[in-house]
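Worksheet: the structure to be examined is printed underneath.
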Amino acid sequence: MRKATEFGVGLTLLLVAGGCGMSRYEFEPNRVYLRAQENITRVELSPVQRQDIQDILAFWFGTPDEPRFPALADVPMDEILDLELLQAAAGPVGSEEDGTNFGVYRRNCAVCHGITGDGIGPAGAFLNPYARDFRRGLFKYTSTLGPMTPPTDQDLRLLLERGMPGTSMPSYQLLADRDLDALVQYVKYLAIRGSVERALIVESVDHLRDADDRLVDVDFDRDSPERIAAALAELTPLISFLARPWLDAPSRVVEVPPRPEGWDSSEAVARGRELFAGQVANCATCHGDDGRGDVDTVDYDDWTKEYFDPQNPRRVHEYLALGALKPREMVTRNLQWGIFRGGSEPEDVYQRIFHGIPGTPMPAAPIKDADAPATDLRLTTDDLWDLVAYVLFLSSSGDLVANGSVASSNVSGQ
Amino acid sequence: MSEKEPRVETGEVKPSIDGYRPWPHRWALLVAWTTFPLIWVGGLVTTYDAGMAVPDWPGTFGYNLFLYPWQTWLFGPWDLFLEHKHRLLASLVGFLTIGLVIVVYRQDQRPWMRHMAVVALIAVIAQGVLGGARVLLVERQLAMVHGSVGPAFFAYCVALCVVTSRWWYQRKAVTGDPNGFQRVSVLSVAFLAYIQLVLGALLRHVPEAASTMYFEVAVWTHLVGAGLLLSIASILAILMFRGPVGDSSFRWLSYVLFLLVCVQIAFGCATWVMKYHWPTFVVQSSITRIYALIEAQGMLQSTVATAHAANGSLLLGVAVMLAVRVLRVHGGGLETKEMAAVAASSG
Amino acid sequence: MSRFLLALVFGVCAVGMGSIPAVGQQYGDLTATFVYGGDPFVASPLKITSDKEFCDRFEVLDETLVVNPQNQGIANVFVWLFLGRGEQAPEPHPSYAETAEDKILLDNLECRFDPHALVLRTTQTLILGNSDAIGHNCKIDTFANPPINYTIPAGGQLEHQLKMPERLPARVSCSIHPWMSGWVLVKDNPYMAVSDADGKLEIKNVPVGTWTFQVWQQRAGYVNQVTIDGQPVEWVRGRLEIEINPGTNDVGTVVLAPELFAD
């Protein structure tokens with residue numbers, strides 16, 4: 001019934017307004033995260049306190065048409081973000097006579113990822129998986145160590161060029177070099193801006209004494225920019241803390257060791273198969289022995305679990321009303337399909353096993369140090385290569401494995 | 001009309017070609033056939049988001065539209081190429097429409113026909129100004145309106161083709177409808193085909209800041225429209241197949257229409273998959289292996305989307321052609337002028 | 001968050017640097033007992049969805065609220081010393097030095113995390129254990145520390161350091177067995193505790209003076225409405241201010257109404 005009413009209202013709006021005036025190109029406040037934090041702390045921010053968060057963000061980071069970032073004393077922000085490229089990615093779509101494009105983000109990304117990078121663009125609700133919400137600064141397919149270590153520019157760039165098979169994320173390899181670089185910059189910008197917003201929300205719910213207390217005591221409409229900047233200075237450590245990892249990301253890249261001799265031999269596949277089913281790597285518990293991923297697991301990704309508690313599903317409605325997307329259950333990848341979102345080169349698969357997939361239930365493999373004793377249960381990098389061999393074997397001859405014939409004969413025949 | 005016993009013309013119609021002159025029809029055909037590719041190119045401009053490739057209007061980077069260096073245009077960036085081609089083609093359609101008015105005034109004695117020709121000219125100018133306003137105001141919503149008026153103009157041209165044709169002069173209106181549903185369904189197909197085009201334009205021009213509900217409502221309405229269109233087109237084809245028809249052309253036109261609707265739905269599904277990937281109810285199945293990776297602005301994606309839009313216009317054109325013809329034959333007591341007006345408004 | 005942040009920025013991570021407390025500094029202990037105010041509460045068993053052959057033999061209960069049937073005591077209530085923006089933690093009592101580098105075990109035992117809730121100092125090491133005969137993994141969604149998600153082989157152990165203090169207890173989960181959950185609170189000072197099976201907790205040797213403590217339970221969030229000695233008391237954001245005197249300072253028997261735990 002409610003659905004029907006919504007639909008009716010929507011249709012009327014659609015036909016009457018024709019969408020005119022519905023397009024406000026502004027950053028949306030992160031209402032879902034705010035509500036989640038309010039629920040945890042049992043504190044409700046006043047309208048002024050909420051507006052302060054948005055005003056501070058606008059002062060530091062500008063608008064979707066005019067992005068900017070603050071200069072910090074301790075972190076060189078201009079080494080993280082390139083203002084010129086940011087401006088090329090921002091704003092309305094257009095181009096110059098020589099083919100230089102503007103509004104590259106709006107042209108290519110915003111319909112799914114949204115103006116704010118919240119993954120709730122107009123088409124967002126239709127996608128499965130949903131478009132990434134950049135505001136956590138958390139990315140799934142990176143080459144850097146540690147889940148909250150941001151990706152390098154190269155990681156993001158590669159992802160744009162390759163796209164993500166099996167998802168709505170296209171390959172943008174036909175875009176000009178400069179446009180791709182601009183998009184990388186803009187995604188980083190949205191991620192940093194989004195995580196600063198989250199930190200400001202936490203700061204507000206945690207530390208404001210009462211409804212009249214404010215993060216900063218300024219009048220954003222009247223005070224001079226110098227005065228506002230001075231007042232905001234005590235909050236800039238937030239940005240430094242959240243931006244510095246982007247600066248450090250290149251130093252945290254874990255190089256994939258070269259493929260060992262005979263890495264894809266049938267012996268390697270057989271060893272990989274054993275590891276896959278074994279208790280240490282523990283892949284089969286979720287992916288199943290044959291990699292089909294049809295094991296019954298019920299879980300959600302971290303972006304969803306921020307507003308959805310599977311133990312308490314009814315509470316999600318208050319967040320849906322604030323614009324959150326309906327929770328979608330995670331699906332264990334069917335490795336036999338050979339569709340690897342983060343890339344299907346052996347090195348890509350190695351990275352997925354090594355790092356796990358941040359934000360999802362896929363854990364990082366337990367790796368032992370080179371000098372660990374033999375009794376150490378954990379895996380070596382060679383073990384990982386065996387797993388890669390088996391995973392790629394599954395996808396190349398998956399249907400045969402499913403029938404049980406090739407796998408056993410091939411593997412036991414070595 | 002409908003209360004009377006349906007009368008069906010079965011015998012040979014006595015040719016009555018008083019007043020028929022070939023040139024108005026030829027001009028009308030020329031305008032229609034030039035407008036059709038103009039619509040594709042317009043669709044391509046949307047596909048490649050090239051609407052703002054030339055920031056000024058009516059000039060082109062300060063040049064007169066026709067004096068813009070052809071080397072820069074032909075060998076320049078793809079979006080500039082598209083946008084400029086669109087403008088040149090649009091100007092051509094404008095000039096041809098002026099020609100049409102002149103030819104009609106000189107050769108066609110029917111006063112309502114002269115009015116229709118003038119309306120065409122006004123429409124083409126308004127459409128041009130709309131396109132210009134979209135550029136000058138940098139307003140995507142206007143692009144959507146511009147994209148919806150285009151096919152309407154094309155449908156209007158098709159109607160002009162029918163009313164200037166020899167066929168029109170040869171046919172005398174007969175009273176009654178062999179099946180009251182025929183006229184209703186043929187008009188609803190034309191009407192629905194147009195609504196679908198508008199919804200399609202709305203989906204293609206969705207503002208990036210619109211809500212998810214806006215888009216969801218548009219998608220579902222477009223889908224329901226497609227379902228309705230398919231049902232009515234198939235009923236129409238069955239009626240025409242089984243029942244007596246006022247003119248043998250109704251039959252094949254209705255078959256073509258049905259076929260175009262089927263093709264259109266296939267193109268529509270393909271357009272979605274190539275833009276937004278598989279819908280949620282199949283995304284976990286191995287079907288996705290058929291088409292796992294989308295290439296943004298790739299050849300396949302652009303071709304299919306443009307084909308969907310072009311076929312939509314073609315479908316509308318055929319529907320209007322059939323509608324005007326059916327009204328001509330089964331218009332009953334309607335005055336020819338009123339019929340033409342109805343036909344025109346259905347486009 | 002801002003506290004550790006400011007600490008980070010201004011380089012005042014002075015805690016545990018071995019400086020001698022001011023002469024004459026006095027200390028007192030904080031104690032409290034948390035009890036459930038409603039009818040006896042019975043936890044429901046959780047649905048085992050994977051590794052059923054192994055896990056079904058244990059009765060795995062919902063631990064979002066654990067009430068002792070004998071005395072209504074609520075286990076797993078976290079209490080920690082709250083520090084406002086820019087405030088520094090006090091120099092810890094010398095007695096804390098010997099536990100400063102302890103290894104604290106978070107075990108996977110009988111298809112649940114054992115203990116369900118624990119406190120950890122930034123100087124201590126967390127041992128992620130697995131005493132079960134099946135593989136587990138351990139996902140800790142920390143905010144200030146890099147979150148982790150490690151596979152722990154059957155019978156295996158893994159050491160992990162959490163070097164940054166956290167603002168709230170972090171959720172521990174196991175991706176393979178989604179029903180499993182636990183909580184870890186990481187602070188750079190030792191003034192924190194979790195209530196035991198009887199709902200009792202004790203924070204020893206707090207410097208004398210007025211301090212704010214924060215009270216949190218996973219289902220209730222910040223505990224903001226309580227009854228002490230029949231009197232309703234409001235703790236905004238779960239914060240209670242208390243003057244610590246030498247000796248024992250008892251908050252009293254704190255009654256938490258069932259509404260606090262409502263879904």
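Note on naming: letters A, B, ... go to the chains in the order of the sequence lines (proteins, then strands), and numbering restarts at 1 for each one.
- Distance check: C:Ser175 OG to A:Met330 CE gives 9.0 Å after rounding to the nearest 0.5 Å.
- Interface remark: A:Leu200 contributes no atoms to any contact with chain C (heavy atom separation under 4.5 Å).
- Taking the charged nitrogens against the carboxylate oxygens, A:Asp206 and C:Arg237 have no contact shorter than 4.0 Å, which rules out a salt bridge.
- Nearest heavy-atom pair across A:Pro363 and C:Asn149 is CB-OD1, 3.2 Å.
- Across C:Ile134 and A:Gln279, no two heavy atoms sit closer than the pair C-OE1, 3.2 Å.
- Between A:Arg42 atom CZ and C:Gln225 atom CD the span is 8.5 Å, to the nearest 0.5 Å.
- Using a 4.5 Å cut-off between heavy atoms, A:Thr360 contacts chain C through its backbone alone, with no side-chain atom that close.
- Contacts of C:Leu260 with chain A are made by both backbone and side-chain atoms, with heavy-atom separations under 4.5 Å.
- The CG atom of C:Asn137 sits 7.5 Å away from atom SG of A:Cys286, with the distance rounded to the nearest 0.5 Å.
- Using a 4.5 Å cut-off between heavy atoms, A:Leu235 contacts chain C through its side chain alone, with no backbone atom that close.
- Salt bridge present: A:Asp302 and C:Lys139 bring a charged side-chain N and a carboxylate O closer than 4.0 Å.
- Taking NZ of A:Lys368 as the reference point, atom CG of C:Leu158 lies at 12.5 Å (rounded to 0.5 Å).
- Residues meeting the salt bridge (charged side-chain N to carboxylate O under 4.0 Å, His left out) test with A:Glu306, sequence neighbours left out: A:Arg136, A:Arg198.
- Side-chain N or O atoms of A:Asn282 include one that pairs as donor or acceptor with a backbone N or O of C:Gly135 at under 3.5 Å.
- In this structure, C:Arg219 CZ and A:Asp309 CG are separated by 10.0 Å, a value rounded to the nearest 0.5 Å.
- The contact between C:Asp51 and chain A is made entirely by side chain atoms (from C-beta outward), counting heavy-atom distances below 4.5 Å.
- Remark: C:Glu59 CD is loosely packed, at most 12 non-hydrogen atoms of other residues, nucleotides or ligands lying under 6.0 Å away.
- With a threshold of 4.5 angstrom between heavy atoms, C:Asp141 approaches chain A through side-chain atoms but not through N, CA, C or O.
- Side-chain contact between A:Ile40 and C:Trp216 is present, with heavy atoms from C-beta onward closer than 4.5 Å.
- The shortest heavy-atom contact between A:His207 and C:Leu83 is CE1-O, 3.8 Å.
- Counting heavy-atom neighbours within 6.0 Å of A:Glu274 CD, excluding the residue itself, gives a total of 12 or less.
- Looking at A:Val280, the atoms closer than 4.5 Å to chain C (heavy atoms on both sides) sit in the backbone and in the side chain alike.
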